[in-house]
Each structure stands twice: as structure tokens, then as C-alpha cells.
**Student:** 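Take this structure, written in C-alpha cells, and hold onto it; I'll ask about it next.
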Number of protein chains: 2
Amino acid sequence: MNVATIQDVAKAAGVSAMTVSNVINDHPNVRKATREKVLQAMARLDYRVNVAARNLRKGRTGTIGLAVPEVNSPYYGRLAAAIIAAAERHGLRVSIEQTGALRENELEALSMSRNRLYDGLILSTVGMGQADAEWLKVDYPVVILGERIFGGPVDHVAMPNIDASQAATRHLIERGCRRVAILCGAVEEVDVSTLRHTGYRLALESAGLSVDPDLVQCLDTLTMHAGARRAREMAHSGLDFDGVFCVTDTVAMGVLRGLADASVRVPEQVKVIGFDNVDESEFLVPSLSTIDPDHDTMAERAVGLLAGRIDRAEPRGDRQEFVSRFSVVVRESTGG
Amino acid sequence: MNVATIQDVAKAAGVSAMTVSNVINDHPNVRKATREKVLQAMARLDYRVNVAARNLRKGRTGTIGLAVPEVNSPYYGRLAAAIIAAAERHGLRVSIEQTGALRENELEALSMSRNRLYDGLILSTVGMGQADAEWLKVDYPVVILGERIFGGPVDHVAMPNIDASQAATRHLIERGCRRVAILCGAVEEVDVSTLRHTGYRLALESAGLSVDPDLVQCLDTLTMHAGARRAREMAHSGLDFDGVFCVTDTVAMGVLRGLADASVRVPEQVKVIGFDNVDESEFLVPSLSTIDPDHDTMAERAVGLLAGRIDRAEPRGDRQEFVSRFSVVVRESTGG
DNA sequence: TTGTAGGCGTTATCAT
DNA sequence: ATGATAACGCCTACAA
């Protein structure tokens, strides 16, 4: 036999479909006795609402999309977890799209939502750049999570990249480092690497230290692997450095490993600080000093912003921007 | 103006809605010229299919549910990533439910699908036990991923828990350990801890070593935190042990940290092996020996099994079971 | 307080 | 090769 519909329940309870619907949706105008009858019939037939039908009728899906490079990374995993939890609080489900940090896939995620598969989209832009801002002019709610696309027309939840990086670098300097390297990605677009590199420079400059180009180490990918490899190369090349600011904890984990391979002692010879305060960082040996950007608040704000747009269909004008707070977490890798 | 529907496109192209639908779905019986006309009209009106309507009509959503304890863990994150990728290959989207390893939420996930929100469900059972097998008798496709619910009526993708744990423990013994501890969760239900504990015992027994109850260390939760704490306690209590088999890499990461805190050298004084081959394990200091359970194959099989049930509405009789291969990955923590 | 009618956008079926 | 018709199951109006 087929699954029970609202009609079946109505028949079984001796009422109209509308009354059943009213019971389901907790509408006020239903007599207690009627409600009971209906509830019993529902239980008896093991009735379940057909979400597809409801979606069609309502023009909503109750699901938001989350596009991130990959969930399998300490950082995006943490973020995804927080977003799923926040979405649940708002009565929304989350469907995840993995973009692999590729521009193409990020744009694809934007157009997927145009199928009205999702009520809205939270997009972590990594591959997209300045030039793609036009793509963000879509007619459904989008929140960008991560780096700013300057002048983009959509809501934005960001980290205090420059300030926090400056603080991280300053921390190294305060701990006595004079030759501080930075490990980042390509410094071109407005992105994590560029912004955090800016913070790094500011810190050096305000400490009266010069910025040695040799100490700016750009990686192709921000992975543990790349970090480890580069750290080994730096150590073996004889480059003079006594501190490393890694633009992500993931890179920093690699760096710690690479320095260990090269028998460089942390923090005695070189101090290391990361960015993200990933769960693992506390348990590394040595434990990793880092920047905590308050993931949970960011997630809550991103979902809140999106949910607001969805519910109230807010006008486009008042584009919102939220920048999280941060704190420096001092651990063993900087002698803490 | 409102979004374009199939009707609008039909009108604009001077054909019927059915023809447009046929074009969209690549049906064969459409003349080339007609197809062109329709495609142009679609482009002109910026037409997007309404997924909700299609779902209602087809009785499918094109989305599967994935219920895991939390995506924010190296292991489940890795798994989720692999499953999302596999699902994409099968033309399916993935919506993630976080259960927090709670029985209640796992059962909830099972009943969510009954809303026909998802075409099927991949469920990582952690909190559910033997006694809950009845709940699995649902009328839509479910694949259990993880430990076996003995006699459960649904498809199952599992790790070779016993064999792999035996191999891990044997590896420690071969490296000279004589007092091998195990760090696991409660050993009661048929679950990771119990199965892996069995493998542990088997290895000890076939090596002619006695099983010292003091060396069986049960944790409340399988977290880094719990692992680190217990390792410190073990070291400080003066317990005699020279090897530790951790039932998950996450626990092992904690253990490495805890032993470092207690100034116990790994692998010289104590050797450590984990289970899962999480991305991070290669980069820890010391790098972590572990069991690689071939996540990608497991994910592919789980999704494949589910997709098969969804497509072919296979009968219940032929319950499938797949057990992945495994390999021992030897690294520094066991002197590799 | 409850019921009736109609349509959300799509596609399966059956004609033509 | 194309089109007319009728659902899929629910809910917003309005009527009773």
C-alpha cells in the first residue's frame, strides 16, 4: 500500500483535508476534540507530511546551501559543524557543496541556488576574485563567509584578518623574534593571504623592522603538505628566520612537522603562530599558538543574516557586514 | 516580475510545455530545430527548473541524508567529504545531520527520512545499540556505515574492525611491546570499542601475552581531550606499559600530547598506534602509525549501495554487507 | 470552527 | 514528433 496523504487522514478522521492541515500546522481554530481525532488518525496511518508538496506550495525548501572548499579540513569542518548547528536552531537544514576552492565551482554553487533548490546560500569564497563580484548579483539570499569581495552587493561575515594578523605577528615580535617569516598563498587578490600579509607587514613596520622579501614565503596551496615541505626547504636553505606566522593552522601544522624534520627546535630556535584555532592545535607537540576568530559567532551570524533575508525578504539596499572578534591564544609554539 | 516557468518558456517558444520538458530531460523524440527554439527561449527567459515541483511529481528529492556524530572531527569530516564526492558522482546531493553520537538523534534521523525529505539515508550508528535494531525496519533505503547492528535488516558498510585491530596490536608486539594498553570507549554494545577490543585481545592471546585488565583503559568519550588526560594519568600512576593501541586517531592525538606532558618519549619508551589514518596523523610529531581503512572505497560503496536501492527499489531480501580492506601504516610513533 | 475549490510547476500517459 | 490532460500532496483564499 502507498504512503498516507492528508486526504487519507482526513477520510479516516471524518474531517476535511484542511482541518488535518490546520492540525499539522498548529493553527488555532481547531477544536480540541477534532484535533484529537485527527492526531489519532495520523498516528494510525503513520502519516508523514510530504515535504516536496509543501515546498512546492510554499515556494520554500527549508534548506540552505553551504559551499565550502572541503569539509575535510579542520577549519571548514569546524565551520560547517557550527553552521549546521546554527541552521538547526533556525529550523533550516544544510546541504553541503564542496568547491575544492575552485572559482568555477563557487560560481556553480551560486547558480545551483537559482534552481531554487535552496532558500539561500552561504558561500565561502576562496577561488572567486574581485572580478567575479558581478556574479553575486543574484535574486536570492546569499551570505559570503570569509574574505571580502570588495564592493560586492551581498551580506558578508568576515574575520578581522588584518588586525588579527597584525596581532599575531606582534606577538612573535614581543616574544623576541626579529626575523619573522610569513607562510601564505599567492598575494594578489583580496583574499586571506593578501589581507593577512598586510597585517603582517603592518606589525613589522610599527615595530621598526624591515620587511625582507625572502621572508615572504608563498605557497601554491594552503595545506599541511605544502607547509611541511616549505619549512624544510627554509631550514635547509640556511635562510635566517626566528619566527613564522602561518596564515592558517593547517599550514602551521605542516610547518611544525617540517621544522621537526629539519631538527629545528620550536619555540627555542623558531617560534610559530597559526590562524584559526582549530581543535587540533591545542594538542599538537608543541601546542600551537594561534588566532581564535570565534567560529561559533561567525556561524551564528551568517545563518542569522541569511534566515533574516529569507523570512523577511529584506530589500537589497541595506547590505550587512559582520566582522568577528578575535583573540590571541598563546601556547607552547611561541614559548607560552 | 516572477520567475519563468515551463509554461512561459513553452509560450515564448511556441510549443507545448511537454516539449519543453522533453528538451530539459534530454528525451529523444524532439526535432533538432524544435530543441533549438526551446533552448533559446529558456536562455532568453533565464529559465530554471523548479526542483520542488519536479520532486513532487517524481516522488524523489535527489538528496540523501548523512547522519554522523559531527562533521567537525578528522574522521567524520574525512568520511563526509568522501561521501559528498561519491554522491555527486551519482547525481545526488547530501544533507548532513549531526547526531552528536546520541542514540536519540540517530533515531530521529531515521524518522526524518520518513518525511521523504531524502531519498535515502546513510547513518553512522554510534549511540544506537543492538536493542534498537527494530528501528531500522523502515520502508526507504538506509545504509548503516560503521559498526554492525547485529541482525539488523539493512545494508551495511563496515570496517574490518577485529582484524585491523588485531593487526595494529600485533604490530606493537612485533616492535617489542610486551605491556600493550588499549584506549577505548565502554566495552558493552557491539560497537567500535568492543570490536576493536576483541581484536586487541586476540592479538595478545595469539602472541602468548596475558590480558591485564589494568591495561584496558575505557574512556567516556573518544576525544583528544579524554585521550590526553588518560595518558597523563596512566603515566603518573606508575602503570607499567610500553605500547598503546588507541581505537581512533583522535584519541591517539590526545595520547601523544598527554605522554609529552608526562615526559614519556614516543616511541622509545612507549609506542603508539591509532586507527583511521586521518589526514593529520602523518604530520604529527611524532607522526602516528595507524590503520588505514580506505575511506574512499567505503564512501563509494555506501553511496553505491544506497543509489542502487533508490533506483531499482530492490527488494528487502538481499541485504548487502561490505567490509573494506585495511592496511597498517607504519610511522614514527611505533619506531617506523 | 470547518469545508470547498483551485493552483503551486512539473512530468507520465495517452492521444494525435 | 508534439500536444492535451491529469495528477503529485499540500495550503491560501474564501465560503459556509
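Each chain gets a letter, A, B and so on, in the order its sequence line appears, and its residues count up from 1.
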**Student:** Would you say the side-chain atoms of A:Gln98 and A:Tyr76 include a donor-acceptor pair closer than 3.5 Å?
**Tutor:** no
**Student:** Only counting residues at least two apart or in another chain, list the ones meeting salt bridge (Lys or Arg N to Asp or Glu O under 4.0 Å) with A:Arg89.
**Tutor:** A:Glu300
**Student:** With a 4.0 Å cut-off, would you call A:Asp276 and A:Arg78 a salt bridge?
**Tutor:** no
**Student:** For the pair B:Arg319 and B:Asp155, find out whether any cationic side-chain nitrogen is under 4.0 Å from an anionic carboxylate oxygen.
**Tutor:** no
**Student:** Is B:Thr5 near enough to C:dG9 that one of its side-chain N or O atoms lies under 4.0 angstrom from OP1 or OP2?
**Tutor:** no
**Student:** Rounded to the Å, how far apart are A:Arg60 CZ and D:dC10 P?
**Tutor:** 19 Å
**Student:** Side chain of B:Ser324, backbone of B:Met298: donor and acceptor closer than 3.5 Å?
**Tutor:** no
**Student:** Hey, what do you get for CG (B:Leu107) to CG (B:Asp132), rounding to the nearest 0.5 Å?
**Tutor:** 5.0 Å
**Student:** Distance from A:Thr99 atom OG1 to A:Met128 atom CE, nearest 0.5 Å?
**Tutor:** 10.5 Å
**Student:** Using a 6.0 Å cut-off, check whether atom NZ of B:Lys37 has over 12 heavy atoms from anything other than its own residue.
**Tutor:** yes
**Student:** Without decimals, in angstroms, what is the distance between A:Met18 CE and C:dA5 P?
**Tutor:** 14 Å
**Student:** Between D:dC11 atom C1' and A:Gln7 atom CD, what is the distance in whole Å?
**Tutor:** 11 Å
**Student:** At 10 degrees resolution, what angle do the end axes of the helix from C:dT1-D:dA16 to C:dT16-D:dA1 form when each is taken over five base pairs?
**Tutor:** 40°
**Student:** Assess whether one donor atom and one acceptor atom, taken from the side chain of A:Arg57 and the base of D:dC11, lie less than 3.5 Å apart.
**Tutor:** yes
**Student:** Using 4.0 Å as the upper bound for N to carboxylate O, is an ion pair formed by B:Arg309 and B:Asp318?
**Tutor:** yes
**Student:** Can you list, in residue-number order, the parts of residues 19-31 of chain A that come under 4.0 Å of DNA chain D, counting heavy atoms only?
**Tutor:** A:Ser21, A:Asn25
**Student:** On DNA chain D, compare the nucleotides closest to B:Ala17 and B:Leu56; which residue's is nearer the 5' end?
**Tutor:** B:Ala17
**Student:** Rounded to the Å, how far apart are B:Ile6 CD1 and D:dA7 P?
**Tutor:** 19 Å
**Student:** Starting at CD of A:Glu36 and ending at C1' of C:dT2, how long is that distance when rounded to a whole Å?
**Tutor:** 17 Å
**Student:** Confirm from the modelled atom types if B:Arg54 and C:dT10 form a donor-acceptor pair under 3.5 Å, side chain to base only.
**Tutor:** no
**Student:** Using whole Å, report how far NZ of A:Lys37 lies from C1' of C:dT1.
**Tutor:** 12 Å
**Student:** In whole angstroms, how far is the P atom of C:dG9 from the CG atom of B:Asp8?
**Tutor:** 8 Å
**Student:** Between C:dG9 atom C1' and A:Arg116 atom CZ, what is the distance in whole Å?
**Tutor:** 9 Å
**Student:** Considering just the side-chain nitrogens and oxygens of B:Thr34, establish if one lies under 4.0 Å of OP1 or OP2 belonging to D:dT2.
**Tutor:** yes
